[in-house]
There are 2 protein chains.
Amino acid sequence: MRMTNQREIILEELRNTTSHPTADELYLRVKERLPRISLATVYRNLEKMAELGLIQKIKTSGYQTRFDGNPNFHYHIRCIYCGKIDDLPIRPIKALEDPEHIELDGDLGGYKVVGFNLEFLGICPECMKTLNNKK
Amino acid sequence: MRMTNQREIILEELRNTTSHPTADELYLRVKERLPRISLATVYRNLEKMAELGLIQKIKTSGYQTRFDGNPNFHYHIRCIYCGKIDDLPIRPIKALEDPEHIELDGDLGGYKVVGFNLEFLGICPECMKTLNNKK
DNA sequence: TTAAATGCAAAAAGTTTGCACACGC
DNA sequence: GCGTGTGCAAACTTTTTGCATTTAA
């Protein structure tokens, strides 16, 4: 992978935030430093960097894809009200990560299991506050 | 909720398949019986029926939303090659479903956890066959 | 020097919405 | 008869792509 200025700055901005931004949020940040960059470049680079394992793509259907500058596996929690994603500091879940701990209740229909996607859902402190005020 | 003909047939077709169709796949099926139905009606009704708990909306993993005529909680597996979703007959995972079993490694950042999304990833029998033929 | 990357604009894909009309209760 | 639901088309949102030009190695 060629290290272009755009690539460097996209990665830098993503690494410098804990907010798991969407492609267009990151585009806006990067644009402050590279005013002529295009959104397509941001998409193309995030895609490539995710493939190479430099960053993580957080895909949950129905919402915009978000990106995480931390390439190490960890769990996320999504606020059901505002959609924000945060890291969740929980220990690996044995029942998922060691496939032999999965308790079957039938057969797997011929599938070979290769992994899983897990995200927690919750209410973030800000939305919780808003809810309490409404009462 | 008013029981219109469209609503009845959409629900019927969804209940009669195990294929977890997308809105447009279901639209095509329903169209055979109601040629003048519109895709918007299918979307509106699926949305409403999911809210009421008559069906499930499967939003995980950055692909098109799929729908499940079975309203009871169960796990799904998605084929990483063809995107197909099937039911996975595994027992409830204690470490997820009883929040007190979650082993924290820090604090939750003020979130109130209300649930989770989990899908397994795998290779379906058909795609497995294709892979083997290519070797 | 040259293959890979970029910017731009347009297209694609999936979903939602405004509105006039139709229909279940 | 009232108000919800429908069909249609157009809008919208997110992401991808074609192409001419630029740039890192």
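Residue numbers start from 1 in every chain, and the chains themselves are labelled A, B, ... in the order their sequence lines are given, proteins ahead of strands. Just the heavy atoms: all of them, side chains too, but no hydrogens, waters or symmetry mates, feed the values below.
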Check whether the side chain of B:Arg7 and the base of C:dG24 form a donor-acceptor pair under 3.5 Å. no

Determine, for B:Lys57 against B:Glu51, whether the closest basic-nitrogen to carboxylate-oxygen distance falls under 4.0 angstrom. no

Nearest whole Å is fine: how far is C:dA3 C1' from A:Met1 CE? 16 Å

Tell whether A:Arg44 reaches the base of D:dT16 with its side chain through a donor-acceptor pair below 3.5 angstrom. no

Whether A:Arg66 side chain and A:Ile58 backbone form a donor-acceptor pair below 3.5 Å: no

Output the rounded distance in Å from NZ (B:Lys31) to P (D:dT6). 16 Å

Examine C:dT15: is either OP1 or OP2 under 4.0 Å from a nitrogen or oxygen in the side chain of B:Gln64? Give yes or no. yes

Quick check on D:dG7: is either OP1 or OP2 less than 4.0 Å from any side-chain nitrogen or oxygen of B:Gln6? yes

Any side-chain N or O of B:Thr41 under 4.0 Å from OP1/OP2 of D:dG7? yes

What is the distance from CE of B:Met3 to C1' of C:dC23, rounded to the nearest Å? 15 Å

When rounded to whole Å, the CD to C1' distance for the pair A:Glu51 and D:dT16 reads 14 Å

DNA chain C: B:Thr65 or B:Asn5, which has the more 5' nearest nucleotide? B:Thr65

Would you mind classifying the nucleic acid contact of B:Arg36 as base, sugar-phosphate or nothing, using non-hydrogen atoms under 4.0 angstrom? sugar-phosphate

Between B:Arg7, B:Arg29, B:Arg33, which is the residue that forms a salt bridge (Lys or Arg N to Asp or Glu O under 4.0 Å) with B:Glu12? B:Arg33

Would one find a side-chain N or O of A:Lys48 under 4.0 angstrom from OP1 or OP2 of C:dA5? yes

Find the distance A:Leu26:CG to D:dT15:P and express it as a whole number of Å. 12 Å

Between A:Phe120 and A:Arg78, is there a cation-pi geometry (under 6.0 Å to ring centre, at most 45° from the normal)? no

Does any donor-acceptor pair link the side chain of A:Arg2 with the base of C:dA4 at a separation under 3.5 Å? yes

Take the protein atom OH of A:Tyr27 and the nucleotide atom P of D:dT14, then report the distance between them rounded to whole Å. 14 Å

Spacing of A:Leu39 atom CG relative to C:dA10 atom P, expressed in whole Å: 16 Å

Taken to the nearest whole Å, CD1/A:Ile10 to P/C:dT6 is 7 Å

Under 4.0 Å, heavy atoms only, any strand: does B:Ile37 hit a base, just the sugar-phosphate, or nothing? sugar-phosphate

Parallel, tilted or perpendicular: rings of B:His74 and B:His20 (30°, 60°): tilted

Has A:Tyr43 got a side-chain N or O lying under 4.0 Å from the OP1 or OP2 atom of D:dT15? yes

Return no unless some side-chain N or O of B:Thr4 is found under 4.0 Å from OP1 or OP2 of D:dG5. no

